[in-house]
Amino acid sequence: MADQKKKKSFFLFRWLKRGVAGNDGEIRDILREEQVQTPFKTMAKAFFHKRTAMVGVVVFLIIFVVVIVGPYIWKLDLSDQDSTMSNIPPGYNLMKVPGEMKGHVRDIAAGGTYGIGIDDKGKIHIWGHTRITDKLDIANVPDEVQNANISMIAAGEDHAVALAEDGQVYVWGNTRLKQGELSKEMKAAMKDPATWNVIQLEASNQFSAIVTSDGKAYFWGNGNMSDIKVRKEYQGNIQKVALTSNEYIALLRDGTVAYTGKNYKTSPFAVIPEGLNGKKVIDIAATSKTVAAVTEDGQVFMWGNARSGEADIPAFSAPIKSISGGRFHYTVLLEDGSVVSWGSNKYGQTSVPSSLKGRNITAVYTGNFQNYAVDDANHVYTWGLKGFLLGTDNLGRDMLTRIINGGRVTMTVGAISVVIATIIGVLLGGLAGYFGGKADILIMRISEIVGGLPFIPFAMILSAVIGASIDATHRMYIIMVVLGVLSWTGTCRLVRAQILAQREMEYVTAAKAMGIKEMAIVFRHILPNVFSLLLVSMTLDFATCMLTESTLSYLGFGIPLPTPTWGNLLNGANNSVVIQQYWWRWVFPAVIFGACTICINLIGDGLRDAIDPKSVER
């Protein structure tokens, strides 16, 4: 009896469990399933389970954050350009000293985008971006130079100069403007080995200079652009010269500084600062537009066109041993072995690395934007411009900075254009679909006329006519309005079709019976029910507007240079030379633009599939 009661109790429990909770808790599963099947959760579940859509979301968000936040880090200067930095390929190799040079440095010369070094065996090593033109490359060192025992080296903007132990001078690179044509006086002096003792070798923009131990200076190169003459009264009394981009200053044997060229009546460097009167100068240096002199008591005097902070001379913790100049900065070596830099710090050329602390630096070599320091153990330390991640364009502008800032412009134009097109399309489509009749006929005929216009040619005409006499900012606003006004027809038809179906629903009849105004019914009751499809349309239209803006900018009818957009960054792709030799100028903008538009389309397709209930199998 006890066993029978237990069995009855067990069967009764199982029956109640199946009757109330179902097998294995089916009621809980059904409730959980019903909770999932709310429209928003169903759409979200379908969207997040679509891998291609999620990849699109992640990649687009990364690009979006970079182009929105990036301009605050990579700040754009529309006036920034430097012909010496044009068409530098991607990479960080401008100061990558070869391993053979480490511990064996005899001399280093820093050019604009390359470096040249001599090891203790007199062999030449070259690194960085060495291409001068399409056909000229500094790295192509003549065999006679490679076989010579080189003692001094100099790097100019477009040529290199080397001095061998036997006093022979070699020039290679660009020699079309007499960079390799030695002066008659210099050739005559070289014939007498007893007096041909070179103590300084320098090179600048298309001209070079040599100073010998007997106090004579010799210049050669492009004399049409630069003052490379020496007045006779100074020959035999020159100790050192410092070269600017097209002039020079001389340190005389008596410790004074003078402008010894022919343009002494007009040159700004001919006016020597009064503070130098009565003081002995121990060293001089020059940047592109300024010159500086260091006196025996440790003072630094600078004059010329100081536009990049060259005049902001800091205090020094020890007496100055030597001074050298880059394009817009100075670097000094102090007697205690420390180094100080000041001036423009655009590329970190004045940010002396902390690794130099405690090192006994014996020599400093300064180029346009680079610095090389050598310690007493013959180790080389570098700071300044290492290179550009995505290269530079034909005007020497950083492609990474322009791509990031151009992306913000392109995305802004695309987003505002979509908003304008959506507002127009929703208003007209809602009115046409709900009221029908004459309003529908009129609005649809206008839509057909606008939709029948050849889009790109008409946008080009409007942009050219309206924006011919306005600046780039206002032209950008014009482009937004033009794209928005010409892109609303698709949204209008979509909204009209949906409202035609929705207006026959029972909730619309109930709203009318309650006396709700018709405009409120359209925009507060019907429109939210078609918002999901409208979201898909806006997403796809966003990519379309970006492509259209870029097409106009590429063709020259959109936002003009120097304001960057992804479209006008691609305008170099219509040049075969750019396509073949400067691939980074169009590949990187094309890749990021293509990735962005593809991701937007993937997101739109994912939303469309998620919204469509037939695409989700239960």
Mind checking side-chain hydrogen bond (donor to acceptor under 3.5 Å, both in side chains) for Trp127 and listing every partner two or more places apart, or none if nothing turns up?
->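 Once residues adjacent in sequence are excluded, the partners of Trp127 under the side-chain hydrogen bond (donor to acceptor under 3.5 Å, both in side chains) criterion are Tyr372.
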
Are the side chain of [X] and the backbone of [Y] linked by a donor-acceptor contact shorter than 3.5 Å?
X      : Y      : result
Arg307 : Phe328 : no
Asn371 : Gln349 : yes
Asn345 : Thr350 : yes
Ser245 : Ser288 : yes
Thr113 : His129 : yes
Asn405 : Trp74  : yes
Ser86  : Ser83  : yes
Asn568 : Thr563 : yes
Ser447 : Ile443 : no
Ser487 : Gly484 : no

Between [X] and [Y], does any side-chain donor sit less than 3.5 Å from a side-chain acceptor?
X      : Y      : value
Gln580 : Ser576 : no
Ser341 : Thr331 : yes
Asn174 : Thr133 : no

Can you list the steps and then say if Val495 with Leu534 is a side chain to side chain contact (heavy atoms under 4.5 Å, CB included)?
-> CA-CA 8 Å; Val495 173; Leu534 189 61; 4.0 Å; yes

Partners of Trp566 by ring-ring contact (aromatic ring centres under 6.0 Å, His included), sequence neighbours excluded?
-> Phe593

Indicate every side-chain donor-acceptor pair of residues 58-66 with a distance under 3.5 Å to a residue at least two apart or in another chain.
none

Can you name the residues that form a side-chain contact (heavy atoms from CB on, under 4.5 Å) with Ile446, not counting sequence neighbours?
->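 Leu442, Val450, Trp488.
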
Locate the shortest heavy-atom distance separating [X] from [Y]; write the atom from each residue and the value.
X      : Y      : result
Val418 : Cys545 : CG2-SG, 3.9 Å
His125 : Pro98  : CB-CG, 4.1 Å
Thr539 : Ile603 : CG2-CG2, 4.2 Å
Ala139 : Thr130 : CB-OG1, 3.5 Å
Cys596 : Met411 : SG-CE, 3.3 Å
Arg408 : Val67  : CB-O, 3.3 Å

Listing, residues 384-396 side-chain donor-acceptor contacts under 3.5 Å, not counting sequence neighbours, or none:
| residue | atom | partner | partner atom | Å |
| --- | --- | --- | --- | --- |
| Thr392 | OG1 | Met85 | O | 2.7 |
| Thr392 | OG1 | Asn87 | N | 3.1 |
| Thr392 | OG1 | Ile88 | N | 2.8 |
| Asp393 | OD1 | Leu395 | N | 3.0 |
| Asp393 | OD1 | Gly396 | N | 3.1 |
| Asp393 | OD1 | Arg397 | N | 2.8 |
| Asp393 | OD2 | Arg397 | NE | 2.8 |
| Asp393 | OD2 | Arg397 | NH2 | 3.0 |

Report the C-alpha distance between Asp80 and Lys75 in whole Å, list the side-chain angles of each, state the deciding distance to 0.1 Å, and finish with yes or no for side chain to side chain contact (heavy atoms under 4.5 Å, CB included).
-> CA-CA 11 Å; Asp80 180 32; Lys75 296 182 180 180; over 6 Å; no

Are Phe588 and Trp583 close enough that their ring centres sit under 6.0 Å apart?
->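 Yes, ring centres under 6.0 Å apart.
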
Got more than 12 heavy atoms from elsewhere within 6.0 Å of CZ, Arg51?
->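 For Arg51, atom CZ is not crowded (no more than 12 foreign heavy atoms under 6.0 Å).
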
Would you check, one step at a time, whether the test side chain to side chain contact (heavy atoms under 4.5 Å, CB included) holds for Asp134 with Tyr582?
-> CA-CA 10 Å; Asp134 298 342; Tyr582 310 124; 2.7 Å; yes

Non-neighbouring partners of Arg585 that pass salt bridge (Lys or Arg N to Asp or Glu O under 4.0 Å), sequence neighbours left out =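 In terms of salt bridge (Lys or Arg N to Asp or Glu O under 4.0 Å), with neighbours along the sequence ignored, Arg585 is linked to no residue.
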
